[in-house]
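Numbers here simply count residues along the sequence, with the first being 1.
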Amino acid sequence: MLDLDPHQSNRTEKHNGETEIQENGIKRHRTSLPAPMFSRSDFSVWSILKKCIGLELSKITMPIVFNEPLSFLQRITEYMEHIYLINKACSHADPLERMQAVAAFAVSAVASQWERTGKPFNPLLGETYELTREDLGFRFISEQVSHHPPISAFYSEGLNKDFIFHGSIYPKLKFWGKSIEAEPRGTITLELLKHNEAYTWTNPTCCVHNVIIGKLWLEQYGTVEIVNHSTGDKCVLNFKPCGLFGKELHRVEGYIQDKNKKKLCVIYGKWTECLWCTDPTTYETYKKNEKRGGEQKKLKPSEDVIKSENDEADDMPEVQDTVQFVPGSKLLWRINCRPPNSSQMYNFTSFAVSLNELEKGMEAILAPTDCRLRPDIRNMENGNMDVASKEKERLEEKQRAARKERAKDEVEWQTRWFHQGTNPYTGTSDWLYSGGYFDRNFSDCPDIY
């Protein structure tokens, strides 16, 4: 992961352990966390959740051991890991190819959640996170604009003024006995400025299984509709639920249609691996031939389901992540390889590892509300779990006290960088960027840490 920073001096330095500035002025981001992941084997989430079946979980305090050392605002930033797909969409002259790239971006946005069973920290009201990546060509800002219900708003733009990506997210969490479900709420909008196009969609539902006993595993399911508000084209993606014996685990299947509902192409793959597209006739012919010739034969070895050790139906079916390829298909996206030590770093991607990096001199330019400055997340990242837990309690108590004080004085909370409004393309309620963050006037930012 490289950053081009023309302002760096032409000398070699090291900051924050892994960060290195080379002679050519190219900055390398860190490749590992300061401390390995803390073991959760001695802790039971059931003891906390057994009284919460069917309830909304945003108000339930979880022990820090079930967290990962990132704020939810930083987790949202991981949408940008595969930003090259936005760049590809911007470069295509054909609207069908643009929609294919946008569809791949929408799928890639949830790919980093694969095997990420740790819970990100709930952002404090007024918390922010910024990220500028000159090498990847974007800058990003997010803010926690509401605490009850928890709402996170974000805005990103291309440094070449070629796109705007924004939205607000307020997932509703529910506990269903053996699983925790995050129902997606909030609209995501991508504007391709060169083509005067806007696309909107909502993420699929995310579910974590085996929260009582067994190995935690995660799936995404539900229908995602991506609408091109300029052409009327629509992409419908079905994130399939696992199903019996795990035959559909991680699978995504869908199509792109024009404004007259004519199917233009079929999209298929896995959100944990890759995405392909082909024309509808080829796909249907292949599926019919497969059904005629394959009803009595077993699946290929690469697709066989290997039952888990305790043989429980709710345990994760261990299926190799290989997509059955339809001849003539075009590859739209493939997931990035994770670092070799990812399992010791909360299953972070290389992009995620760099998100909480605090380089020398950065504190002087960051907003005082930035996630990187949160002492509970910083201490957890450094392996100081007891201190992190105490800091988390202190920050939550400080937030409660501030809320009581505002109620006493009858003062409403004022967001700093976003305002509530209407999405110009869907007509639904949304949180819109007010502008001005990168002018770096942080004099009126709240004291939340």
Side-chain angles (χ1 to χ4, degrees), residues 1-4 76-112 114 131-140 154-167 188-201 203-204 224-237 239 252-258 263-279 283 323 325-326 328-337 349-352 425:
M1 308 294 293
L2 301 176
D3 236 354
L4 184 61
I76 292 174
T77 312
E78 294 182 55
Y79 287 175
M80 309 305 293
E81 180 167 358
H82 299 271
I83 189 181
Y84 74 91
L85 292 166
I86 294 182
N87 298 332
K88 187 176 288 187
C90 291
S91 69
H92 284 311
D94 183 3
L96 175 59
E97 290 187 305
R98 290 198 293 274
M99 177 63 92
Q100 289 171 349
V102 172
F105 176 74
V107 174
S108 76
V110 301
S112 67
W114 178 41
L131 183 66
T132 299
R133 290 293 298 264
E134 295 185 6
D135 58 322
L136 300 178
F138 75 89
R139 62 184 184 182
F140 184 101
F154 69 90
Y155 172 88
S156 180
E157 61 185 16
L159 296 180
N160 294 323
K161 308 299 181 184
D162 48 354
F163 75 86
I164 294 174
F165 178 57
H166 58 95
I188 295 174
T189 304
L190 173 63
E191 301 178 39
L192 304 183
L193 303 181
K194 173 183 174 183
H195 301 285
N196 195 28
E197 286 182 340
Y199 302 79
T200 60
W201 67 91
N203 281 332
V224 173
E225 289 192 358
I226 306 170
V227 178
N228 182 332
H229 293 270
S230 301
T231 65
D233 294 349
K234 180 188 291 185
C235 178
V236 180
L237 297 172
F239 286 70
V252 180
E253 189 176 82
Y255 56 87
I256 296 174
Q257 65 180 31
D258 63 16
K263 284 189 180 181
L264 304 177
C265 77
V266 171
I267 293 177
Y268 67 95
K270 290 186 178 181
W271 63 268
T272 57
E273 183 187 354
C274 59
L275 210 61
W276 301 82
C277 72
T278 188
D279 69 89
Y283 190 78
V323 175
F325 175 76
V326 178
S329 298
K330 178 177 74 172
L331 180 67
L332 297 179
W333 161 79
R334 190 181 296 281
I335 197 169
N336 293 337
C337 291
T349 64
S350 295
F351 186 84
Y425 307 104

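For the pair Leu275 and Val323, the minimum side-chain heavy-atom distance is 4.5 Å or more. The side-chain heavy atoms of Thr349 and Asn336, taken from C-beta on, include no pair separated by under 4.5 Å. Between Leu331 and Cys274 the shortest side-chain heavy-atom distance falls below 4.5 Å. Side-chain contact check for Arg139 versus Arg133: every heavy-atom pair is 4.5 Å or farther apart. The shortest distance between side-chain heavy atoms of Val110 and Asn203 falls below 4.5 Å. Between Val227 and Tyr425, every side-chain heavy-atom pair lies at or beyond the 4.5 Å cut-off. You'll find the side chain of Glu197 reaches within 4.5 Å of the side chain of Pro95, heavy atoms only. With a 4.5 Å cut-off on side-chain heavy atoms, Val102 and Trp201 count as touching.
Atom CZ in Phe105 sits 10.0 Å away from atom CD1 in Ile226 (nearest 0.5 Å). Atom OH of Tyr283 sits about 9.5 Å away from atom OG1 of Thr278, to the nearest 0.5 Å. Interatomic distance, Ser108 OG to Ile86 CD1, rounded to the nearest 0.5 Å: 8.5 Å. Here CG of Leu332 is found 5.5 Å from CD of Gln100. Values are rounded to the nearest 0.5 Å. Here the straight-line distance linking atom CD1 of Ile164 with atom OG1 of Thr189 works out to 10.5 Å at 0.5 Å rounding. To the nearest 0.5 angstrom, Met99 atom CE is 13.0 Å from His92 atom NE2.
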Before giving the answer on side-chain hydrogen bond (donor to acceptor under 3.5 Å, both in side chains), spell out for His166 and Glu191 the whole-Å C-alpha distance, their side-chain angles and the decisive distance to 0.1 Å.
CA-CA 9 Å; His166 58 95; Glu191 301 178 39; 3.0 Å; yes
Residues Phe351, Ile83; criterion side chain to side chain contact (heavy atoms under 4.5 Å, CB included); working and verdict:
CA-CA 12 Å; Phe351 186 84; Ile83 189 181; over 6 Å; no
Determine whether Leu96 and Asp233 satisfy the following criterion, side chain to side chain contact (heavy atoms under 4.5 Å, CB included), listing intermediate values before the conclusion.
CA-CA 8 Å; Leu96 175 59; Asp233 294 349; 5.8 Å; no
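Below 30°, between 30° and 60°, or above 60°: for Phe165 and Phe154 the angle between ring planes is between 30° and 60°, a tilted geometry. Ring geometry for Trp276 versus Tyr268: interplanar angle under 30°, hence parallel rather than tilted (30 to 60°).
Of the possible donor and acceptor atoms, one in the side chain of Ser230 sits under 3.5 Å from a partner among the backbone N and O of Asn196. No donor-acceptor pair closer than 3.5 Å links the side chain of Asn160 to the backbone N or O of Asp162. In this structure a side-chain-to-backbone donor-acceptor pair under 3.5 Å is present from Arg98 to Ala93. Judged purely by atom type and a 3.5 angstrom limit, His82 has no side-chain atom pairing as donor or acceptor with the backbone of Ala109.
Other residues, nucleotides and ligands place more than 12 heavy atoms under 6.0 Å from the CG atom of Asp94.
Annotation for Asn87 and Leu136: closest pair ND2-O, 4.2 Å, computed over non-hydrogen atoms. Closest heavy-atom contact between Met80 and Ser156: CE-OG, 3.4 Å.
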